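The structure under discussion is supplied below as structure tokens; questions concerning it will follow.
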Amino acid sequence: MPEGHTLHRLARQHQRRYANRQVAVSSPQGRFATSAEIVDGRVLERAEAHGKHLFHHYGPDLVVHIHLGLYGKFSDVKHPVAEPRGLVRLRMVGPTHYADLRGPTACELITDHEAEAIHARLGEDPLRKDADPDRAWARISRSRAPLATLLMDQKVIAGVGNVYRAEALFRHGLDPQLPGKALGRKQWDELWLDLVDLLQDGVRQGKIETLRPEHDPTLLKPADRGALCARKVYAYRRTGEPCIVCGTPIAHDKHLARNLFWCPTCQPAVARTERQ
DNA sequence: TGAGTATGTTCAG
DNA sequence: TGAACCTACTCAT
């Protein structure tokens, strides 16, 4: 599930297992071969993530930039190193583990300047220490675009994807169509803090679970579990299923070619939320 | 076994 | 707005 939490989890794992050591870098599939040769045998100085982007820094002007896109995946396997299976775009072998990258949208060798340009165009990342929610608020509070658009706009908030969008809006009772400028400052502060919490939890768990304790079936007595589903989310991909909180069927629509899920009762349309 | 679908982004038209 | 990228999973046949 490559939303921001996945990339930050990978960055931490790569930092722990590969950073400050020489790594063998190759491209069994061939598409990254020329660049892999350049960094092969160098010391990986640092791995970091910003939103859904991953950066491996190999010293001056040598940065491997990775974006998983929709399908990309990084494996992490303990030695011994096995023959590559399938299309492995990048293989990075460290002292104890090796990581295979398959199906990324981007895997490229870039300069420090190009890496900075990517950072510069990305918005505030709830998982980064340098995130400034005021900057995101400045954009949201003067935008007529709906929250459904703004939350997924990587230039505004980096790292939130379709799952976190649906879940964060649900948890705050916000209508996905509410224009950014109709959101109150207090509502934004609460939403931002919750995104930080949710994404941090995603990094820890390696998966997205957003149910509050009172709705988490694994924390309830069997008799109280009722119709609560096994997947621990409120709205995402639960079209037509009863809302865990109020029982209203979860609604679904396409929004800018992406699936949007919400509860029409818990996230009432603009009129009520605008006054808050 | 094959069709359909997906958590994302970029580019052409 | 739709196609392309090109992987893994679920479901129907």
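The figures here come from the full heavy-atom set of this structure, side chains too, leaving out hydrogens, waters and symmetry mates. Protein chains get the first letters and strands the later ones, always in sequence-line order, with residue 1 at the start of each. All values reported here derive from a predicted model rather than from experimental measurement.
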Under 4.0 Å, heavy atoms only, any strand: does A:Y236 hit a base, just the sugar-phosphate, or nothing? sugar-phosphate

Atom pair distance, as rounded to whole Å: CG in A:L122 and P in B:dT10: 9 Å

Side-chain N or O of A:N259 versus OP1/OP2 of B:dT7: is the shortest distance under 4.0 Å?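 For A:N259, the contact criterion (side-chain N or O under 4.0 Å from OP1 or OP2 of B:dT7) is met.
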
Starting at atom CZ of A:R237, determine the distance to atom C1' of C:dT10, rounded to an integer number of angstrom. 9 Å

Angle between ring planes, A:Y98 versus A:H79, binned at 30° and 60°: parallel, tilted or perpendicular? tilted

Could you give the CG-to-P distance, from A:L101 to C:dC5, as a whole number of Å?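 For the pair A:L101 CG and C:dC5 P, the rounded distance is 18 Å.
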
For A:L256 and B:dT9, what is the distance between atoms CG and P respectively, to the nearest whole Å? 13 Å

Can you identify which nucleotide, out of B:dA6, C:dA8, B:dT7, has its nearest atom closest to the A:R102 side chain? C:dA8

So, applying side-chain hydrogen bond (donor to acceptor under 3.5 Å, both in side chains) with A:E48, which one of A:H14, A:R128, A:H53 is it? A:R128

Out of B:dT10, B:dT7, B:dT9, which nucleotide sits closest to the side chain of A:L70?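 Of B:dT10, B:dT7, B:dT9, B:dT7 is nearest to the side chain of A:L70.
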
Classify the angle between the aromatic ring planes of A:F261 and A:Y236 as parallel (below 30°), tilted (30 to 60°) or perpendicular (above 60°).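 Answer is perpendicular, since the angle exceeds 60°.
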
Output the single nucleotide from B:dA6, C:dA8, C:dT7 whose closest atom is nearest the side chain of A:L87.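 For A:L87, the side-chain atoms sit closest to C:dT7.
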
From A:H50, A:Q154, A:H8, residue fulfilling side-chain hydrogen bond (donor to acceptor under 3.5 Å, both in side chains) relative to A:D125: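 The passing option is A:H8.
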
Any Lys/Arg nitrogen of A:K186 or A:E190 sitting under 4.0 Å from an Asp/Glu carboxylate oxygen of the other?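 A salt bridge links A:K186 with A:E190.
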
With heavy atoms under 4.0 Å as the rule, sort A:R121 into base, sugar-phosphate or nothing. sugar-phosphate

Would you classify A:L68 as touching base, sugar-phosphate or nothing, given that sugar-phosphate means primed atoms plus P, OP1 and OP2, and contacts are heavy atoms under 4.0 Å?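 Contact class for A:L68: none.
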
Measuring only the P atom in each nucleotide, how far is B:dG13 from C:dC5? A whole number of Å is fine.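 These two P atoms come out 14 Å apart once rounded.
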
Nearest-neighbour nucleotide for the A:Y71 side chain, C:dT7, C:dA8, B:dT7 considered: C:dT7

What is the distance, to the nearest angstrom, from the NE2 atom on A:H255 to the C1' atom on C:dG2? 17 Å

Can you tell me the distance, in whole Å, between the NZ atom of A:K73 and the P atom of C:dC5?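 Atom-to-atom, A:K73 to C:dC5, this comes out as 20 Å.
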
A:H53 NE2 to B:dT7 P: how many Å, rounded? 17 Å

Separation of B:dT9 atom C1' from A:Q154 atom CD, nearest Å, is 9 Å

Taking only side-chain N and O atoms of A:K52, does any of them lie within less than 4.0 angstrom of OP1 or OP2 on B:dT9? yes

